[in-house]
Structure formats: C-alpha cells, structure tokens
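Keep in mind the model is a prediction, meaning the values are calculated, not measured. Every heavy atom of this structure was used, including side-chain atoms; hydrogens, water molecules and symmetry mates were not.
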Amino acid sequence: MPVRVGVIGAGMIGQDHIRRLTEVVTGATVTAVTDIDAERAAEVAVRVGASALPTGADLIASPDVDAVLVTSWGPTHAEHVLAAIAAGKPVFCEKPLATTAEDCLRIVEAERAHGRRLVQVGFMRRFDPGYRQMKELLASGSLGTPLMAHCAHRNPTVPDSYHSAMAAQDTAVHEIDVLRWLLDDEIVSTQVVTPRATTKRFPHLKDPQIMIFETANGVRIDLEVFVNCQYGYDIQCEVVGEDGLVRLPDPAAVGVRTAGRHGTAVLQDWKGRFAEAFDTEFREWINAVATGTEPTGPSSWDGYAATVITDAAVRSLESDGTVVPVDMKPRPAFYGGTA
C-alpha cells in the first residue's frame, strides 16, 4: 500500500512537493490537502484526487493520512508539527522547523517524550549528489583535519518583501545546516559584516553580506550572501583540510562555442539547481515511513540548531558586525549527543 500523505499548505512549494509525490516518487499518494485559501486547496485536491480539509488539525486527525507534509506559512509550522507528533504520525516540515528557538525546543521535547524520531526538516542540500560526495571524502580523512570553509550563496534578484534578516533566516540557513553536517561540528559564534552595497537592491536591504562562523573545533567559515548578483543562482562551497581541499561541483552543463566565445549557462533559480536533491529527499523519507524506520534526514535538533544560529547572525547584523556567541543547549543523546 502506498504511504498516504496529507499536505498542509498548497502554495508554490507545497504544490511542487505534491507534484513530486504524485509524479516522481513511487510508493506515495496524496490523500488530503488543506490551505488557508480554501479555494486553492480545493483546486489542488481535485487535481490529484485528494480530499480538501478545513484545517491542519482535521488533516492530521484524518484516518486517510499516514504521514504529514507541512509547507504552510513559517509561523504555523510548530503548531502542525506538534499536532503530528501528538498523533504519532511521521511529519516532514519544510524549513524553518519553527520561527523561534523556544518553539523548536518544544518540538524537540515532544518528540523525545514520544520516544522515537517522527520529524524530518526540509534541508535538501544533504541529499544533493555533490554535497554527498564532499561528505564522503571529508569523512574518509583523506584531506586531513578540516581548517577552513569558503562558501557563496548568490541569487539573481529578490522581491521587495525580502529584508536584511532574511539573508540569514531564509538564505544562509541552508549553508548553516549543510556545513554542520559536512564538518560534523557545531557552530559556536557568528559575525555578519556588510561590504559596499550593490546599487541593484531595494533601499531597505543590506546586500551583499559576509557571514563568518567559527565551529567548536576551530574551523573558520566565510559565507558570501549576495541576493542581487544579477547573473544567476550560484552556490559555491569549498572545504580546506590539512592535506587537500574539496570543492562542490557546478551543475553539469554543455559548453557552447560561438561568436568567438566559450561558455556554459548559469541556472536562474533553486528549483533547477536542487531538483535531484528534492527528489532524493522525498524518496528516502517515503521509504522510511513505508518501512516504519526513523528518518535519516535533518532532525528536529537540526531545525533547532539552525534557528539558534540564524538568530545569532541577525543579532550580529543588527549590532554592526559584533561577534555573537551561539547560545545552544547541549545536544541530547536522543539526537546523537552526550547530554
């Protein structure tokens, strides 16, 4: 029997994941949809043969739903994830897990009280083939002890609604999660400095930003976040070890020679860049639900850690580049820690 998934939130990302679950991933079916816009929920539900339900609570309680996908507005995530845990149903939550560290900890404690992992957070970079190859190489020890990491996250443009804090909360959060995973290390301090601003931005936005992180083991990370770079969507990552370095490969693209030039196309958005990672992420999640095993992707604790670190980055930005310590609780043994 396929895993019956209920989807809370039928906006752009929700509909993209519904397409993925119904057209790409085997072993899953979407049986229920809800959205703050009831008309939109009904339209999406009809398209995939699902039921449109009034609220997230109704969807989670439905006997026709085995697992829950949360793609609603960020401030509603904690409510739905906590309800799914209370119902004993696996739940995949797009980032953020919650918009406050306190709500993330409520989820962590609820899951620990349940006694097994039910939550996976949607940090898709861990499922990208290039990042996975980097992880394998770093874990092998062939590059020696990691010393530094250099990263860039560039978008061609962002809308007027994008504000300066979102550079950490919505953009750099992906690097924050994937670097914690790549290095198997925790970030303990943040600093955000702002170079000369691009003129191709809205006046309220500080862009670009340079974020500097230090890990518990002394690795220094620099991350350029430039969300109005104009030329494309460009993700770069390089980790330097004592005996060598590893660099994230650019997406495969044909080389074109014409008019005296040789070049390759640059992707323009995240959907094209990480399509394979999204597909793999959901294949592995559905397989875990179907087999009754715990999810192997980012956990509630990873969601909490990301929120605490981005909060520190925002405080640094708002204090003109002060180094801000990351005030994180000890990781419980439930999530692989010692506390």
Side-chain angles (χ1 to χ4, degrees), residues 3 5-25 28-45 47-48 50 52-53 55-56 59-60 65 67-81 84 90-99 119-128 153 155-159 161-163 166-178 227 233 235 267-286 289 295 297-298 302-303 306-307 310:
V3 174
V5 180
V7 181
I8 302 175
M12 178 186 68
I13 188 68
Q15 291 190 45
D16 194 45
H17 288 338
I18 288 171
R19 175 197 60 78
R20 186 165 284 110
L21 288 168
T22 56
E23 299 178 13
V24 179
V25 176
T29 183
V30 174
T31 54
V33 179
T34 189
D35 191 86
I36 192 171
D37 183 337
E39 184 175 336
R40 179 167 60 189
E43 290 173 356
V44 173
R47 193 161 67 236
V48 297
L53 297 179
T55 68
L59 183 144
I60 292 165
V65 170
V68 179
L69 169 59
V70 178
T71 53
S72 53
W73 185 44
T76 68
H77 286 190
E79 168 194 351
H80 299 315
V81 173
V91 54
F92 183 108
C93 181
E94 268 301 342
K95 61 91 177 168
L97 175 63
T99 51
V119 181
Q120 179 165 320
V121 183
F123 290 120
M124 93 299 287
R125 300 257 185 113
R126 299 190 188 197
F127 301 88
D128 175 74
H153 188 142
N155 292 63
T157 58
V158 289
S161 58
Y162 189 102
H163 53 81
M166 292 172 71
Q169 296 165 338
D170 280 29
T171 302
V173 67
H174 285 290
E175 276 77 17
I176 287 168
D177 177 74
V178 84
V227 295
Y233 182 76
I235 303 299
L267 292 171
Q268 295 301 300
D269 60 40
W270 52 269
K271 287 196 276 189
R273 173 62 180 83
F274 289 110
E276 184 177 355
F278 279 117
D279 292 348
T280 301
E281 174 184 50
F282 275 91
R283 284 192 187 99
E284 294 188 9
W285 179 62
I286 289 296
V289 175
D302 295 314
T307 297
T310 56

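Checked against side chain to side chain donor-acceptor pair (under 3.5 Å), Tyr233 has no partners two or more places apart in sequence or in another chain. Every side-chain contact (heavy atoms from CB on, under 4.5 Å) that Ile286 has, sequence neighbours left out, goes to Val3, Val5, Leu21, Val25, Ala28. A search for salt bridge (charged side-chain N to carboxylate O under 4.0 Å, His left out) contacts involving Arg19 returns Asp16, not counting sequence neighbours. Annotation: salt bridge (charged side-chain N to carboxylate O under 4.0 Å, His left out) contacts of Glu281 (sequence neighbours excluded): none. Under the rule for a side-chain contact (heavy atoms from CB on, under 4.5 Å), the partners of Glu284 that lie at least two apart in sequence or sit in another chain are Phe127, Arg132, Thr280, Thr296. The side chain to side chain donor-acceptor pair (under 3.5 Å) search around Thr31 returns none, not counting sequence neighbours. With sequence neighbours excluded, no residue forms a side chain to side chain donor-acceptor pair (under 3.5 Å) with Thr71. Under the salt bridge (charged side-chain N to carboxylate O under 4.0 Å, His left out) criterion, Asp302 pairs with Arg126, Arg180, sequence neighbours left out. His17 meets the side chain to side chain donor-acceptor pair (under 3.5 Å) test with Arg20, Glu94; sequence neighbours excluded.
Looking at Lys95, its side chain never comes within 3.5 Å of a backbone N or O of Gly74 through a donor-acceptor pair. Counting only distance, with no hydrogens or angles, the side chain of Thr310 and the backbone of Thr307 share a donor-acceptor pair below 3.5 Å. Under the 3.5 Å distance criterion, the side-chain polar atoms of Thr34 are matched with a main-chain donor or acceptor of Leu53.
Atom CD1 of Ile13 is separated from atom CD1 of Ile18 by 10.5 Å, given to the nearest 0.5 angstrom. Separation of atoms CD (Glu79) and CD1 (Ile60) is listed at 8.0 Å; rounding is to 0.5 Å. A distance of 7.0 Å separates OG1 of Thr171 from CE of Met166, quoted to the nearest 0.5 Å.
Using a 4.5 Å heavy-atom threshold, the side chains of Phe92 and Val289 count as separate. In this structure, the side chains of Gln169 and Pro96 stay at 4.5 Å or more apart for every pair of heavy atoms. Looking only at side-chain heavy atoms (C-beta outward), His80 and Val91 stay at 4.5 Å or farther from each other. Counting only heavy atoms from C-beta outward, the side chains of Ile8 and Val68 approach each other to under 4.5 Å. Within the 4.5 Å cutoff, the side chain of Phe123 has no heavy atoms near those of the Val178 side chain. Inter-residue side-chain proximity for Tyr162 and Val227 is flagged as met; some heavy-atom pair is nearer than 4.5 Å. Taking 4.5 Å as the limit, some side-chain heavy atom of Phe282 sits within range of a side-chain heavy atom of Leu69. Taking the side chain as every heavy atom from C-beta outward, Val7 and Gln15 never approach each other to under 4.5 Å.
When all heavy atoms of Ala42 and Ala52 are compared, the closest pair comes out as CA-CB, 3.9 Å. Listed here is the closest heavy atom pair of Ala10 and Val44: CB-CG2, 4.1 Å. For the pair Pro295 and Gln120, the tightest heavy-atom approach, listed with the atom from each and the gap, is CB-OE1, 3.3 Å. Residues Ala50 and Val33 come closest through the heavy atom pair CB-CG2, 4.3 Å. The shortest heavy-atom contact between Val173 and Ala306 is CG2-CB, 3.8 Å.
Ring geometry, His174 versus His153: the interplanar angle falls from 30° to 60°, so the pair is classed tilted.
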